[in-house]
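Report on the structure given below.
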2 protein chains.
Amino acid sequence: MAAGRRGSAAAPMRQAAGRREQAAATAAALKAAAVRVFDERGYLNTKITDITAAAGRAAGSFYNHFTGKQQLLEALLADMLAAGDARVQREHPYDHDLSDRAQLRWHVAGFWQAFRDNKTVFVAVTQAALVDERFAARLPELMSPDQAAMRQHLEYLAEKGVRLPGEPAAVAVALTGMWFQFAYQQLVSDFMGRIGRLSDDAAIDLLTDFSLRGLTGGNDHQPATRPARGQ
Amino acid sequence: MAAGRRGSAAAPMRQAAGRREQAAATAAALKAAAVRVFDERGYLNTKITDITAAAGRAAGSFYNHFTGKQQLLEALLADMLAAGDARVQREHPYDHDLSDRAQLRWHVAGFWQAFRDNKTVFVAVTQAALVDERFAARLPELMSPDQAAMRQHLEYLAEKGVRLPGEPAAVAVALTGMWFQFAYQQLVSDFMGRIGRLSDDAAIDLLTDFSLRGLTGGNDHQPATRPARGQ
DNA sequence: GTCTATACCGGGATAGAC
DNA sequence: GTCTATCCCGGTATAGAC
C-alpha cells in the first residue's frame, strides 16, 4: 500500500522483454481482460478503467494501444472473423444438400460451435451496434457470410425441386434468425432460460429437425424423430 | 432571445386547465415525445433533455413526473401490456389446434401486428435490459405470455399425437424465437434488410408455413404452398 | 407545475515524471 | 511504455423564482 516502487508487481517477466514485445503483450492482455469483463458486465456497462484494472495496468496506459473502447472491440472482431474464415477454409470441403439430414446437422453444429466460442464478442458487437452507427454498419459482415452461403444452398435445393416455404433469400433470413435467437436464448440470456434449457446435442438436434421439416416439408426423408446421433 | 415572458408559447390551451389535468397532459406529452425520440435515436442514445425538448417542455419539468428515463419506459411498458391483455381478452375466444393452418396463421398474424404496433417500446425495453438489471428481470413478463400460451398449445398437439421436433417447452422457445427474430429483422433493423424484405402478408405466410411444417412435419395437412389467404 | 440556472459527478482522455 | 495525477466535458438532478 505504501507509495514505494510499483509497476513491476503485475508482470515481473516484462522486465526483460523489448519495447515491441512489451507493447504486444500489453495489447493482448488488454484484449483478454476486455473479453472477461464484457462477459461479466456487458460491453455497454464496461468502463475503460474496468478493463485496465482487470488487466492489471494503469488507466492511462490504455490509450497507448487503442483509441477507445470501440477500437478495442473492432480488434476483437477482426480476430474472430479471421479465425472463422480459417475454420471454414479448413473444414468446409464437401458439397451441400441441406435436405440431407446429416449435412444439415453438420451446418447447424458448426454454427452452434462458432456461436459458443465467440459469444462474448458476438454479443458485445451486437450491443455496440445499438449505440454506435459504425458498428451497426459492420453487423452485416458478421451475419451475411452465413446468410449468403445459406441462400445459395437454398437456391440449390429449389432447383432440385424442393418446395421451400418462400423465396430462398427470405427463408435464409428466417432460418438463420431462428438459429441465432435460439442459440442466444440458450447460451446467453439468463431470463426465460430455466424453462427448456437443453444440452448442446439436444439443441442442435432440435434445430436440425425443425429446419429440415421447414425446408423440405418433411416428405423427402426419414421421420425427424429418429436418433441419428452418429450422423 | 430576450428574457421576457415565457412558458405559454408551447401550449396556450394549458392556461385554463386545472393542475391535475395539467400534470396528466404533460406526463402524456412526455411519454409521446419519448416514443418519437426513442424511435429516432434509440433508447440508449436518448438524453432526458432530448425528450423534454421534443415535448416542448423545460428540462427540469421532467422530474415532476418521472424519476428518470427508466421509470418513463416502465410506464410505456405498462401501457403496452395493458393494451395487449385487453386485446387478447377480446379476440382470443376459440380453441386452438396449431396443426390447422388457419388457426396457426391467426396466431402468427396476431403476433406480427402486436410487434408492429409496439416495436418502439419493445426495442427500447430490449435495449434497457442490456444495461439495467431491473429491466432484464422484467423481460420474461414481456415474452412469456406468448411463450407460455404457445407451450400449452404445443402440449395439446403432442397429446393429439403430433410428433413435435422436441419437448414442447423447447420447441416453443425456438418457434417464438424465430418469429421474433424474423419480425425484428423485417420491421426494425436496417442492415441486412434490403435482401428479402417482404410484405406483411408474405412474411406472415412464410412464418406460418415454416412453423406448420416444423411442428407437424408437413404430413398432417395440405401442402404449405397453397394460397389460403382467406383463412 | 413550469420555468431558468447551476451544482455536481462519472468517466473519458491527456500531461508529464519515471 | 507505463505510471500517477488531473483536466474537462456531457448530462443528470436540484434550487428557487414565477
Side-chain angles (χ1 to χ4, degrees), chain A residues 1-31 33-34 37 41-73 128 131-132, chain B residues 1-31 33-34 37 41-73 128 131-132:
Chain A
M1 282 313 149
R5 276 237 145 283
R6 350 218 172 87
S8 49
M13 77 295 290
R14 272 187 283 148
Q15 306 272 10
R19 288 279 163 106
R20 267 243 123 71
E21 297 93 327
Q22 273 270 8
T26 297
L30 287 171
K31 286 201 274 186
V37 172
R41 277 167 259 241
Y43 173 81
L44 293 175
N45 282 330
T46 297
K47 318 299 168 206
I48 303 280
T49 50
D50 294 334
I51 300 173
T52 53
R57 309 299 159 103
S61 221
F62 183 91
Y63 298 93
N64 287 325
H65 306 278
F66 307 99
T67 64
K69 200 169 57 161
Q70 347 96 321
Q71 207 209 39
L72 189 160
L73 180 55
V131 171
D132 187 339
Chain B
M1 277 318 144
R5 276 240 144 283
R6 343 211 177 92
S8 50
M13 76 296 289
R14 272 187 283 147
Q15 307 273 10
R19 287 280 164 105
R20 244 217 138 105
E21 296 92 328
Q22 272 271 9
T26 296
L30 287 171
K31 286 201 274 186
V37 172
R41 277 168 260 242
Y43 173 79
L44 293 175
N45 283 330
T46 296
K47 317 302 167 203
I48 303 281
T49 51
D50 294 333
I51 299 173
T52 53
R57 310 297 160 101
S61 221
F62 184 92
Y63 298 93
N64 287 326
H65 305 278
F66 307 100
T67 64
K69 202 169 54 159
Q70 347 96 319
Q71 208 210 36
L72 190 161
L73 181 56
V131 172
D132 186 339

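By convention in this document, chain letters (A, B, ...) are assigned in the order of the sequence lines, proteins followed by strands, and residues within each chain are numbered from 1. This one's a predicted model, so the numbers in the text were calculated from it and none came from an experiment.
- Atom CZ of Arg20(B) is separated from atom C1' of dG1(C) by 12 Å (rounded to the nearest Å).
- Rounded to whole Å, the distance from CG on Leu30(A) to C1' on dG1(D) is 12 Å.
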Report all interatomic pairs (protein N or O, nucleotide N or O of nucleotides 10-14 of chain D) with separations under 3.5 Å.
residue	atom	partner	partner atom	Å
dT12(D)	OP1	Ile48(B)	N	3.4
dA13(D)	OP2	Tyr63(B)	OH	3.1

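- Nucleotide dG1(D) holds its P atom 7 Å from the NE2 atom of His65(A), rounded to whole Å.
- Considering all non-hydrogen atoms of both residues, Ile51(A) and Thr46(A) come closest at CG1-CG2, 3.7 Å.
- Of the candidate nucleotides dT2(D), dG1(C), dC3(C), dC3(C) has the atom lying nearest to any side-chain atom of Ala58(B).
- Looking at Glu21(B), Lys31(B), Arg57(B), His65(B) one by one, the single match for side chain to side chain donor-acceptor pair (under 3.5 Å) with Thr26(B) turns out to be Arg57(B).
- A straight line from CD of Glu21(A) to C1' of dT2(D) spans 16 Å, rounded to a whole angstrom.
- Atoms CG and CD, from Leu73(A) and Gln70(A) in turn, are 8.5 Å apart once rounded to the nearest 0.5 Å.
- Closest non-hydrogen pair, Gln71(B) versus Phe66(B), comes out as OE1-CA, 3.2 Å.
- We find that CG of Leu44(A) is positioned 15 Å from C1' of dG11(C), with the value rounded to whole Å.
- Between Asn64(B) atom CG and dG16(D) atom P there is a gap of 16 Å when expressed in whole angstrom units.
- Note: CD1 (Ile51(A)) to C1' (dG11(C)) measures 13 Å, nearest angstrom.
- Here the closest non-hydrogen pair linking Thr52(B) and Ala58(B) is CG2-O, 3.6 Å.
- In this structure the side chain of Lys69(B) never reaches within 4.5 angstrom of the side chain of Leu72(B), judged on heavy atoms.
- Straight-line distance from the CG atom of Asp50(A) to the C1' atom of dG10(C): 12 Å, rounded to whole Å.
- In this model, the phosphate group of dT2(C) is approached by a side-chain N or O of Thr26(B) to a distance below 4.0 Å at OP1 or OP2.
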